[in-house]
Amino acid sequence: MNKVQVHSLFTEFDIDLFKAGKHFRLYEKLGAHPIEVDGVKGVYFAVWAPSAESVSVIGDFNYWIAGNHELNVRWDASGIWEGFIPNITKGTTYKYKIQSSNNGIVTEKADPFAFYCEKPPHTASVIWDLDYKWDDDKWMKSRKEHNALDKPYSVYEVHLGSWKRHTDDNSFLSYTEMAEDLVAYVKETGFTHVEFMPVMEYPYDPSWGYQLVGYFAPTSRFGNPQEFMYLVDRLHDAGIGVILDWVPSHFPDDAHGLGFFDGSNLFEHPDRRKGYHPDWKSLVFNYGRNEVRSFLISNALFWLHHYHVDGLRVDAVASMLYLDYSRNDGEWEPNIFGGRENLDTISFLKDFNEAVYANYEGVQTIAEESTSFPMVSRPTFAGGLGFGMKWMMGWMHDTLHYFQKETVYRKYHQNELTFSMTYAFSENFMLPLSHDEVVYGKHSIAGRMPGDEWQKYANLRLLYGYMFTHPGTKLLFMGSEFGQSAEWNFEASLDWHLLQYPFHQGIKAVITALNTIYKSEPALHEKQFSPEGFEWINYSDHENAVMTYIRKGNDSKNDLIVICNFTPVVRENYRIGIPRKGELIEIFNSDSKLFGGSGVQQNGKLKVEATPYDGRDYSIALTLPPLAISVFKMK
């Protein structure tokens, strides 16, 4: 039987960087790497297990027997065990059997740096390579422009396991099948980006992918790493950016995962007040441990490098930032200054963002952060956390709360909509209607809308029009773009059969039209994070439940006038102030018959009058369609 040979890919500089928390390419050293040593092909293994007394590689090549292939511990106190095993090939399954120096504990672990894993419920790692011939040079050279903060950024959030399934047996589509169906659909509907809920390997389907064990491996549920690369490649070929959900906030305690890895709290914080998440019954990374920081930042850069990913949406940032998050008095300990902020997390997130932006041009990081923590999307040199964008959870909550109300009561609650503009430019906000809003009894987005069937879908069209004309980038969860009636079910396909019905066809057409004008009208994206890009005309017409505002770009010739009528009443001769003389042309109307509306719209050029109104020298009288948003371009 082939024995373990002494071999190393590490230099002293690698070890110094690792110990300092500054090695951001650990995936090139740790893990399993097919190489050739002295003319013999085999695999180099390296694993971090400082509390181990011995580490054996076990697998189908040695009948899963420990002791036959023991790795060698390095002499430099790094805690890394390594060695070369000849004649092992790609596709071999393996794990690490670790005899701990801690009370003789024995663990059997999947490789934290494995590039591929067995398909769940099997739990072994698989020897694999990352060879792939990319065909996205055009995209990679231009993505800086596609992903810029003054460009349209409309995201379609996708759960790969339930976007669409095979109709005969409810089995998953493969990555390659989605490279046909999903790419064509996203291109048709006009989204600029897709965001995949976690694709990294996870053991438990009901976690939706947010409980990870294989941080460096795309889940084998849908295919192998090269097939996932092919999906990304095809999206890029269609001009669509790819964002991955990334979960550095917590991980499960599955026996084969990162928890208690070498018989000690290696990856998780040893203090349960910091190392255990009460909401998700999972473990929390030790952000103050340098080697863990190297692991996490290496993982982020790995997906950007090897999978050409264009952005990372960081999950559950609020849970990372606060020591008292979901904890009662006595269940948390203040920081050294007596505060509730996790100082190690703040430092880690700054390092993460600096590493991402320093190494990869034209990408974005996006924080799912639900509190008022300051300067999340401001540069680290200015004292911020360094994210490119932050989810605008307050907008989402207030807007959905407003739209759920019967229209007769909306005049009493208009402040719920106008409030977002008091803080809209404090961060670079993304407006999310995400998967979290269509589960656990909340109903689908369509299911929240009040009124009869016509009003329900008119409200939904109005909601989406308001979302796309509000400052900020956009995110919409799959199914919402055609008005899925039921809550999301991760175990089944979306209800694609609904698209045979006119109202659902109309919702899809509205989203396609909104994506089109968001991309084609500079006023909707050039200053989407600047107060210069927005101006109220009138936000105080509570009695009629009407709001009017202007969206602005770099050139005033591109200004847009937006009018929202939040009731089903057609308002004749409704006058609004206009900033200058000229003409208006209606470029979008959610009440169009093309979308399933009643067809109350303005045709041709409408002349602005020299009649003062709303504190302006000019005005115009319009007919407002019911439960609708109208967008006019000034000429």
Side-chain angles (χ1 to χ4, degrees), residues 150-152 154 189-190 458 461-471 474 506-528 532-539 541 544 546-566 569-635:
D150 61 351
K151 293 294 190 293
S154 177
T189 47
R461 296 191 299 269
L462 172 56
L463 166 62
Y464 291 155
Y466 170 62
M467 175 185 184
F468 273 78
T469 58
H470 188 289
K474 329 296 174 186
I507 297 299
K508 181 185 171 189
V510 159
I511 289 297
T512 303
L514 287 169
N515 274 323
T516 298
I517 69 165
Y518 180 41
K519 291 186 287 189
S520 63
E521 295 297 332
L524 292 179
H525 57 256
E526 285 182 343
K527 294 185 176 180
Q528 58 192 341
E532 297 174 354
F534 180 91
E535 182 182 339
W536 284 115
I537 295 175
N538 190 336
Y539 58 83
D541 187 4
N544 291 311
V546 173
M547 287 191 331
T548 51
Y549 48 91
I550 307 172
R551 289 301 310 277
K552 303 176 179 181
N554 295 329
D555 189 336
S556 61
K557 291 187 211 175
N558 295 321
D559 288 358
L560 300 179
I561 306 294
V562 182
I563 309 171
C564 302
N565 179 9
F566 296 104
V569 178
V570 177
R571 304 207 178 274
E572 307 265 2
N573 201 36
Y574 189 91
R575 187 167 291 276
I576 67 168
I578 300 293
R580 64 176 187 266
K581 64 181 179 180
E583 296 173 324
L584 299 185
I585 297 177
E586 189 174 74
I587 64 168
F588 176 82
N589 183 333
S590 65
D591 192 49
S592 167
K593 289 185 177 180
L594 294 172
F595 307 141
S598 61
V600 177
Q601 53 194 111
Q602 332 285 321
N603 297 312
K605 295 180 180 179
L606 307 172
K607 192 165 184 63
V608 173
E609 303 167 17
T611 303
Y613 203 78
D614 287 332
R616 302 169 189 274
D617 293 333
Y618 301 92
S619 63
I620 193 168
L622 302 166
T623 299
L624 305 191
L627 282 176
I629 181 170
S630 306
V631 182
F632 297 87
K633 192 156 190 176
M634 298 192 67
K635 293 291 185 182

side-chain contact (heavy atoms from CB on, under 4.5 Å), that's the test. Do Ile576 and Val546 meet it? Break it down for me. CA-CA 10 Å; Ile576 67 168; Val546 173; over 6 Å; no
Between NE2 on residue His525 and CG on residue Asp150, distance to nearest 0.5 Å: 7.0 Å
Checking salt bridge (charged side-chain N to carboxylate O under 4.0 Å, His left out) between Asp559 and each of Lys635, Arg580, Lys552, which is the one that passes? Arg580
Any non-hydrogen side-chain atom of Leu462 less than 4.5 Å from a side-chain atom of Cys564? yes
Taking atom CD of Glu532 and atom CD of Glu526, what is their separation to the nearest 0.5 Å? 12.0 Å
Near Tyr574 OH, under 6.0 Å, is it more than 12 heavy atoms from other residues, nucleotides or ligands? yes
Closer than 3.5 angstrom, by distance alone: can the side chain of Arg551 be matched with the main-chain N or O of Thr469 as a donor-acceptor pair? yes
For the pair Ile550 and Ile537, evaluate side-chain contact (heavy atoms from CB on, under 4.5 Å) and give the outcome as yes or no after the intermediate values. CA-CA 7 Å; Ile550 307 172; Ile537 295 175; 3.6 Å; yes
How many angstroms lie between CG in Leu514 and CZ in Phe595, if you round to the nearest 0.5 Å? 7.0 Å
Flag side-chain contact, heavy atom, 4.5 Å: Leu622 against Phe632: yes
Compare all side-chain heavy atoms of Ile517 with those of Phe468 and state whether any distance is below 4.5 angstrom. no
Is a donor on one side and an acceptor on the other found under 3.5 Å between the side chain of Lys474 and the backbone of Tyr518? no
Pairs under 3.5 angstrom only: tabulate donor-acceptor contacts from the side chains of residues 587-594 to other protein residues two or more places apart or in another chain.
residue: Asn589; atom: OD1; partner: Asp591; partner atom: N; Å: 2.7
residue: Asn589; atom: ND2; partner: Glu586; partner atom: OE1; Å: 3.4
residue: Asn589; atom: ND2; partner: Glu586; partner atom: OE2; Å: 3.3
residue: Asn589; atom: ND2; partner: Val600; partner atom: O; Å: 2.9
residue: Ser590; atom: OG; partner: Ile629; partner atom: N; Å: 3.0
residue: Asp591; atom: OD1; partner: Ser598; partner atom: N; Å: 2.9
residue: Asp591; atom: OD1; partner: Ser598; partner atom: OG; Å: 3.0
residue: Asp591; atom: OD2; partner: Ser598; partner atom: OG; Å: 2.5
residue: Asp591; atom: OD2; partner: Gly599; partner atom: N; Å: 3.3
residue: Asp591; atom: OD2; partner: Val600; partner atom: N; Å: 2.9
residue: Ser592; atom: OG; partner: Leu594; partner atom: N; Å: 3.1

State whether the side chain of Asp555 and the backbone N or O of Lys557 hold a donor-acceptor pair below 3.5 Å, judged by distance alone. yes
Below 4.5 Å, heavy atoms only, C-beta onward: do Gln601 and Pro625 meet side chain to side chain? no
Determine whether Ile620 and Tyr613 make a side-chain contact, defined as any pair of heavy atoms from C-beta on separated by less than 4.5 Å. no
Between Leu524 and Lys519, is a side-chain contact (heavy atoms from CB on, under 4.5 Å) present by the stated rule, with each step listed? CA-CA 8 Å; Leu524 292 179; Lys519 291 186 287 189; over 6 Å; no
Quick one: does any side-chain atom of Gln528 pair with a main-chain N or O of Lys151 as donor and acceptor, under 3.5 Å? yes
In this structure, CG of Asn544 is separated from CZ of Arg571 (nearest 0.5 Å) by 4.0 Å
Donor-acceptor pair, Ser619 side chain versus Thr611 backbone, under 3.5 Å? yes
Which value, rounded to the nearest 0.5 Å, describes the distance between Met634 atom CE and Ser556 atom OG? 8.5 Å
Okay, side chain of Gln602, backbone of Thr623: is any donor-acceptor separation there less than 3.5 Å? yes
Which is it for Asp541 and Asn538 under the side-chain hydrogen bond (donor to acceptor under 3.5 Å, both in side chains) test, yes or no, and what are the steps along the way? CA-CA 7 Å; Asp541 187 4; Asn538 190 336; 5.7 Å; no
Check whether any side-chain heavy atom of Met547 sits under 4.5 Å from a side-chain heavy atom of Trp536, and report yes or no. yes
So how far is it from Asp617 CG to Glu609 CD, rounded to the nearest 0.5 Å? 14.0 Å
